[in-house]
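Here's the structure we're looking at; comments come further down.
These numbers come from the heavy atoms of this one structure, side chains and all, not from hydrogens, waters or symmetry mates. Position 1 is the first residue of the sequence; numbering continues from there.
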Amino acid sequence: MFCLSRLPKLRPLPRPLLAAAHRLRIDLRCSISSSAPPQVSPRGDEEECGDFLPWLERKAGVEVSSCLSIGKSAYGRSLFSSKAIRAGDSILKVPFNVEISPDDLLPEIRSCKVGNVAKLAAVILKELKMGQDSDWAPYMRCLPQRKEMHSTVFWSDEELEMIKESSVYQRTIDKKVGMEREFSVLRHALDRHFPEVSKDMEFEDFMHACALVESRAWESSKGYSLVPFADFLNHDGLAKAVLLRDEQKQFSEVIADRNYAPGEQVLISYGKFSNAILLLDFGFTIPHNIHDEVQIQFNVPLQDPLFKMKLYFLQRHCLQITRKFGISKCSADNFTIKEVRSAKGKGTGIPQSLHAAVRVLSCTSLEELNDMEEEAAQNDGRLGRRPLKNINREIQAHQLLLPHITKLIDQYSASAKIDGFLLLGSRKCFL
């Protein structure tokens with residue numbers, strides 16, 4: 001049985017600057033903190049989705065859950081315990097035969113040169129277009145409408161301006177550009193093979209479908225799959241419960257990680273995501289996110305007389321930047337700092353690759369580079385493993401790093417002050 005996380009884990013992204021931001025107009029969906037989440041009556045969604053679970057169980061031919069019911073919380077559609085649940089209980093099992101995947105498309109569409117997200121989005125578009133004639137109509141009715149989606153691709157220019165200091169801003173721009181490109185390719189294929197689907201289809205419809213996939217789908221043997229009912233579970237960054245996938249028995253399952261009283265909202269973890277990923281792909285953030293990270297970028301000056309030698313050393317000793325430095329000859333790359341655990345407790349996680357990079361970049365002669373590599377070879381060969389014996393060289397390397405960290409702190413403080421002044425009283429995103 002395999003442990004699954006939602007899509008962002010499959011697409012590692014550089015992490016953001018720590019910049020506070022707020023969201024206008026909306027109440028962010030499922031922003032769960034480590035404290036107990038607000039509870040709303042589990043009957044709050046009966047009119048809209050009250051018949052969904054019985055329909056899904058008829059379609060599956062087996063019971064999906066005997067202890068969960070659909071309702072609404074302050075975070076949107078949610079699942080609540082309909083009876084007492086104990087840690088270790090199986091709270092839902094969704095057979096593979098009622099999961100939605102790109103296999104539901106014609107081969108001509110599946111062969112399109114677009115990503116799996118776009119292909120699964122095409123399935124959603126097809127089913128939505130069919131309306132009540134769709135075999136998945138009850139499920140489609142329960143999916144969030146476009147106006148209920150809060151991932152950053154739906155933000156206005158004014159709202160995006162508030163997170164301009166964060167890499168989420170550029171990632172949002174890049175994502176929309178990618179969506180536009182895939183929409184063009186997919187639209188052409190649909191025009192040829194599914195004209196009834198592509199008729200009157202706008203880019204905003206495709207963007208909505210992609211956002212549904214990115215915020216609700218899980219990895220599967222078919223690429224990505226929507227797991228109806230399980231995708232109504234909201235996220236808690238501290239939860240241990242996850243969606244499990246049993247390829248042999250052909251079902252997805254969730255095991256409760258703690259006891260739940262009747263009427264309590266049941267939560268799982270979508271994965272160990274930073275607030276940047278949560279905001280970019282899900283449209284919410286959580287305060288005091290233990291998985292949050294910060295991104296640092298370094299430049300190798302092109303005029304540095306040791307430019308080529310430093311690239312060589314970076315390729316050998318800073319594996320995470322080999323691709324950019326070694327292939328595209330880019331003179332900059334990103335490193336991630338996050339909270340880590342050690343034998344002595346928690347600490348700031350400056351990665352070894354970053355230690356190695358600043359030591360390489362701070363060198364002023366070929367002799368220093370060679371001496372540093374020779375010193376590392378006397379241990380385990382890693383430049384970032386241990387402090388340099390030459391304390392002055394070690395201080396010099398850290399002095400190169402310090403201004404970058406100070407800049408991040410200043411940007412965070414400035415952004416927090418601006419957002420607090422402009423958006424007092426609105427719901428916060430913690431980036």
Would Q265 and L79 count as a side chain to side chain contact (heavy atoms under 4.5 Å, CB included) if you check the C-alpha gap in whole Å, the side-chain angles of each, and the deciding distance to 0.1 Å? CA-CA 6 Å; Q265 184 180 177; L79 292 185; over 6 Å; no
Do the side chain of [X] and the main chain of [Y] share a donor and acceptor less than 3.5 angstrom apart?
X: S81; Y: A261; value: yes
X: Y270; Y: V242; value: no
X: D89; Y: I91; value: no
X: D292; Y: N275; value: yes
X: S134; Y: M130; value: no
X: K129; Y: K199; value: yes
X: S90; Y: G88; value: no
X: K83; Y: P262; value: no
X: S65; Y: L68; value: yes
X: S362; Y: R359; value: yes

Straight-line distance of [X] [atom1] to [Y] [atom2], nearest 0.5 Å:
X: L105; Y: L125; atom1: CG; atom2: CG; result: 10.0 Å
X: D281; Y: S151; atom1: CG; atom2: OG; result: 7.5 Å
X: N259; Y: R86; atom1: CG; atom2: CZ; result: 5.0 Å
X: S252; Y: F96; atom1: OG; atom2: CZ; result: 5.0 Å
X: L226; Y: S101; atom1: CG; atom2: OG; result: 9.0 Å
X: K113; Y: L186; atom1: NZ; atom2: CG; result: 14.0 Å

Answer yes when [X] and [Y] have at least one side-chain N-carboxylate O distance shorter than 4.0 Å, and no when they do not.
X: E247; Y: R245; answer: yes
X: D205; Y: R146; answer: yes
X: E214; Y: K175; answer: yes
X: D257; Y: K240; answer: no
X: K93; Y: E63; answer: no
X: R187; Y: E202; answer: no

[X] side chain near [Y] side chain, heavy-atom distance below 4.5 Å:
X: V227; Y: R216; value: no
X: M140; Y: L143; value: yes
X: F284; Y: H235; value: yes
X: H355; Y: H398; value: yes
X: K119; Y: I109; value: no
X: K310; Y: D304; value: yes
X: R77; Y: E148; value: no
X: T152; Y: E159; value: no

Are Y260 and F80 close enough that their ring centres sit under 6.0 Å apart?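 So the answer is no for these two rings.
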Under 6.0 Å between ring centres: does that hold for H193 and H188?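 Aromatic pair excluded; centres sit 6.0 Å or further apart.
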What are the two closest non-hydrogen atoms of [X] and [Y], and how far apart are they?
X: M201; Y: L190; result: CE-CD1, 3.7 Å
X: A239; Y: S269; result: O-CB, 3.5 Å
X: V94; Y: E99; result: O-OE2, 3.9 Å
X: A230; Y: L243; result: CB-CD1, 4.1 Å
X: L267; Y: A241; result: O-CB, 4.2 Å
X: C210; Y: A118; result: SG-CA, 4.4 Å

Assign the ring pair [X] / [Y] to parallel, tilted or perpendicular, where the plane angle (0 to 90°) is split at 30° and 60°.
X: W136; Y: W55; result: perpendicular
X: H208; Y: F154; result: perpendicular
X: F229; Y: F232; result: perpendicular

Under 3.5 Å, is there a donor-acceptor pair between the S225 and S220 side chains?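 Distance-only check passes for S225 and S220.
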Among side-chain atoms of S73 and S78, is any donor-acceptor pair under 3.5 angstrom?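 Yes.
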R192 atom CZ, neighbour heavy-atom count above 12 within 6.0 Å: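 Atom CZ in R192 is not crowded, with 12 or fewer foreign heavy atoms closer than 6.0 Å.
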Evaluate the side chain to side chain contact (heavy atoms under 4.5 Å, CB included) criterion for residues D236 and I268: first the C-alpha distance (whole Å), next the side-chain angles of each, then the deciding distance (0.1 Å), finally the verdict. CA-CA 6 Å; D236 181 352; I268 64 170; over 6 Å; no
Step by step, would you call D246 with Q250 a side-chain hydrogen bond (donor to acceptor under 3.5 Å, both in side chains)? CA-CA 6 Å; D246 193 319; Q250 295 283 290; over 6 Å; no
Evaluation steps, side-chain hydrogen bond (donor to acceptor under 3.5 Å, both in side chains), between S69 and S82: CA-CA 6 Å; S69 60; S82 54; 5.2 Å; no
Kindly indicate, with the supporting measurements, whether the criterion side chain to side chain contact (heavy atoms under 4.5 Å, CB included) is fulfilled by T172 and V168. CA-CA 6 Å; T172 301; V168 179; 3.9 Å; yes
Check against side chain to side chain contact (heavy atoms under 4.5 Å, CB included), R141 and D51: CA-CA 11 Å; R141 286 198 302 271; D51 61 346; 4.2 Å; yes
